[in-house]
> 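Below: one structure in structure tokens.
Nothing here was measured: the structure is a model prediction, and the numbers come from that model. In what follows, every heavy atom counts, from backbone to side chain, and hydrogens, waters and symmetry copies are set aside.
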Amino acid sequence: MSSLSSLQINKPIHGSGPTPLMWACDVGADRRIIEILIESGGEVGRKDPIGRTALHWAVKGHNLEVVELLLSRGSDIKGKDDDGWTPLHLAAANDRRDGVAFLLKQTDVEVNPRDEDGQTPLHRACYKGSLHTVELLLGHNGIDANVVNNKGDTPLHVAVQRQRYNIVSKMLIQGSLQLDIKNKMERTPLLEAVSRGHLGMTQKLIALGANVNAVDGEGNSCLHLAMATKVFNSEDAPLDLLNECCTALNLKIEERLSGTVVARYLASQGADFHHKNNKNNTPLDLIKDPNLRRKLETCLPPQ
């Protein structure tokens with residue numbers, strides 16, 4: 001039987017794929033086995049066919065003792081795979097909160113690296129819906145919650161788009177968060193929240209000063225987008241205010257989450273019903289029922 005020292009220790013196990021060291025890191029092998037593989041010539045910096053090192057594999061396998069060992073043996077905590085993912089991206093995207101916490105404690109960790117899609121670990125955690133991971137990242141002194149990805153989206157855009165209400169609520173506590181950044185569709189997080197029919201997010205963003213009269217690349221305001229939404233999500237919606245809007249429009253209480261009622265609420269928050277989009281339509285022009293349009297017009301301030 002060949003001794004470990006004579007093995008081609010850095011050769012992939014099955015022609016392509018992980019080396020023995022990478023595989024051992026992934027499956028949670030004992031620390032001593034990892035040490036033996038390294039002492040026998042296993043290269044901690046060697047990459048697999050998609051550019052991942054043993055450190056990526058250890059993070060993926062949630063093997064924190066081995067992560068610590070690899071870092072002590074010179075593994076690059078900032079190293080990226082072919083998709084631009086660092087070990088921190090991998091931990092954040094897979095909700096490895098203990099791994100995220102450990103990596104964030106390392107002095108040379110980069111908290112805001114951008115992958116090939118321009119996504120930071122915070123973008124990935126928001127997409128995944130990992131509240132505790134988001135909290136850990138936001139709690140790091142070096143975090144920048146306003147980095148935009150290749151689509152122009154901040155992590156807040158992503159959380160809104162994915163309907164991660166608890167994450168949106170947590171992020172809005174951040175004093176450094178910029179609420180009116182526009183993505184490549186020229187939509188702010190507020191416009192995204194309205195377009196996706198989530199009134200709870202919409203209310204929180206407005207309460208914190210988001211521009212209620214921002215418009216997207218097609219000239220649509222939040223009112224245009226509200227009128228195009230049949231029913232809004234009721235999660236943490238301001239139901240008392242919606243009830244008042246229903247009463248003002250002589251509508252049934254069952255219609256309080258309709259786009260028209262929400263639009264009336266948004267108008268009460270300062271949204272301009274007279275703004276025309278690129279098709280020269282105001283939000284009022286989108287109301288097909290003439291009686292409802294007249295009722296709504298009577299509730300609006302003069303032009």
Side-chain angles (χ1 to χ4, degrees), residues 85-86 88-105 109-115 117-214 216 222 225-226 229 232-238 262 266 269:
W85 282 37
T86 64
L88 185 58
H89 278 100
L90 200 59
N94 290 284
D95 198 21
R96 304 297 197 196
R97 63 193 70 172
D98 290 343
V100 170
F102 181 83
L103 291 171
L104 289 176
K105 291 177 182 178
V109 69
E110 186 178 351
V111 189
N112 307 297
R114 298 171 78 244
D115 62 23
D117 296 319
Q119 310 265 35
T120 65
L122 184 57
H123 281 96
R124 295 295 179 184
C126 289
Y127 183 90
K128 178 73 172 180
S130 308
L131 177 61
H132 295 300
T133 296
V134 169
E135 289 176 328
L136 287 168
L137 290 164
L138 291 176
H140 193 279
N141 289 335
I143 195 68
D144 182 354
N146 298 307
V147 176
V148 298
N149 63 19
N150 294 353
K151 294 181 179 179
D153 291 324
T154 64
L156 181 60
H157 279 96
V158 173
V160 171
Q161 292 161 1
R162 297 288 292 174
Q163 302 281 285
R164 309 297 193 190
Y165 181 67
N166 57 346
I167 289 178
V168 170
S169 299
K170 177 61 64 174
M171 293 190 72
L172 291 177
I173 299 173
Q174 290 290 109
S176 60
L177 205 65
Q178 296 178 30
L179 301 182
D180 294 321
I181 293 175
K182 290 188 174 185
N183 60 21
K184 289 192 175 180
M185 292 180 65
E186 296 190 34
R187 286 189 174 179
T188 63
L190 173 61
L191 292 174
E192 293 284 6
V194 175
S195 71
R196 282 163 171 75
H198 202 294
L199 192 51
M201 292 182 188
T202 299
Q203 182 191 29
K204 280 185 176 291
L205 286 161
I206 292 174
L208 289 172
N211 182 7
V212 75
N213 285 307
D216 65 17
C222 63
L225 298 174
T229 304
F232 274 71
N233 187 317
S234 63
E235 184 178 19
D236 205 27
V262 170
L266 292 171
Q269 302 300 305

> Under the side chain to side chain contact (heavy atoms under 4.5 Å, CB included) test, which residues partner Ala210, sequence neighbours left out?
Leu179, Asp180, Leu190, Leu205
> Verify the neighbour count for atom OH of Tyr127: are there more than 12 heavy atoms of other residues, nucleotides or ligands below 6.0 Å?
no
> Write down the atom of Ala214, the atom of Thr188, and the distance for their closest heavy-atom approach.
CB-CG2, 4.0 Å
> Arg124 side chain to Ala91 main-chain N or O, any donor-acceptor pair under 3.5 Å?
no
> Please round to the nearest 0.5 Å and tell me the distance separating atom CD of Gln119 and atom NZ of Lys151.
8.0 Å
> Just by modelled atom types, is the Arg96 backbone N or O under 3.5 Å from a matching donor or acceptor in the Asn94 side chain?
no
> Do Leu122 and Val158 have side-chain heavy atoms sitting under 4.5 Å apart?
no
> Of the non-hydrogen atoms in Leu131 and Lys170, which two are nearest, and what is the gap between them?
CD1-CB, 4.0 Å
> Hey, does Pro113 have a side-chain heavy atom less than 4.5 Å from the side chain of His89?
yes
> Could you check whether any side-chain heavy atom of Asp236 comes within less than 4.5 Å of a side-chain heavy atom of Lys204, counting everything from C-beta outward?
yes
> Specify the closest pair of heavy atoms between Val262 and Ala226, including all atoms of both residues, with the distance to one decimal.
CG1-CB, 4.4 Å
> So how far is it from Gln163 CD to Glu192 CD, rounded to the nearest 0.5 Å?
10.0 Å
> Does either side chain, that of Asp117 or that of Asn149, offer a donor lying less than 3.5 Å from an acceptor on the other one?
no
> Give a yes or no on whether the backbone of Asn150 and the side-chain of Lys184 come within a donor-acceptor separation of less than 3.5 Å.
yes
> Measuring only between side-chain heavy atoms, which start at C-beta, is Leu88 closer than 4.5 Å to Val100?
yes
> Would you name the heavy atoms of Leu225 and Ser195 that are closest together and state the gap between them?
CD1-CB, 4.2 Å
> Could you tell me whether the side chain of Thr86 reaches within less than 4.5 Å of the side chain of Leu103, counting heavy atoms only?
no
> Looking at every non-hydrogen atom in both residues, tell me the closest pair between Leu177 and Ala145 and how far apart they are.
CD1-CB, 3.6 Å
> Once rounded to the nearest 0.5 Å, what's the spacing between atom CG of Leu137 and atom CE of Met171?
9.5 Å
> Do Asp144 and Val111 touch side chain to side chain, with heavy atoms closer than 4.5 Å?
no
> Could you tell me whether the side chain of Val168 reaches within less than 4.5 Å of the side chain of His198, counting heavy atoms only?
no
> Taking ring pair (Phe, Tyr, Trp, His ring centres under 6.0 Å) as the test, write out the residues that go with His157, two or more places apart.
none
> I'd like to know if the side chain of Asn146 and the backbone of Thr154 have a donor-acceptor N/O pair within less than 3.5 Å.
no
> Measuring from atom NZ of Lys128 to atom CD1 of Ile167, what distance do you get when rounded to the nearest 0.5 angstrom?
11.0 Å
> Sort out for me which residue in Asp153, Ile181, Thr120 forms a side-chain contact (heavy atoms from CB on, under 4.5 Å) with Val148.
Ile181
> Got a second to check how far Gln269's CD is from Cys222's SG, nearest 0.5 Å?
10.0 Å
> Looking only at atom types and distance, does a side-chain atom of Arg196 sit under 3.5 Å from a main-chain N or O of Gln161, one as donor and one as acceptor?
yes
> Enter the distance from Leu138:CG to Ile143:CD1 here, rounded to the nearest 0.5 Å.
6.0 Å
> Could you tell me which non-hydrogen atom of Arg164 sits nearest to which non-hydrogen atom of Cys126, and how far apart they are?
CG-O, 3.5 Å
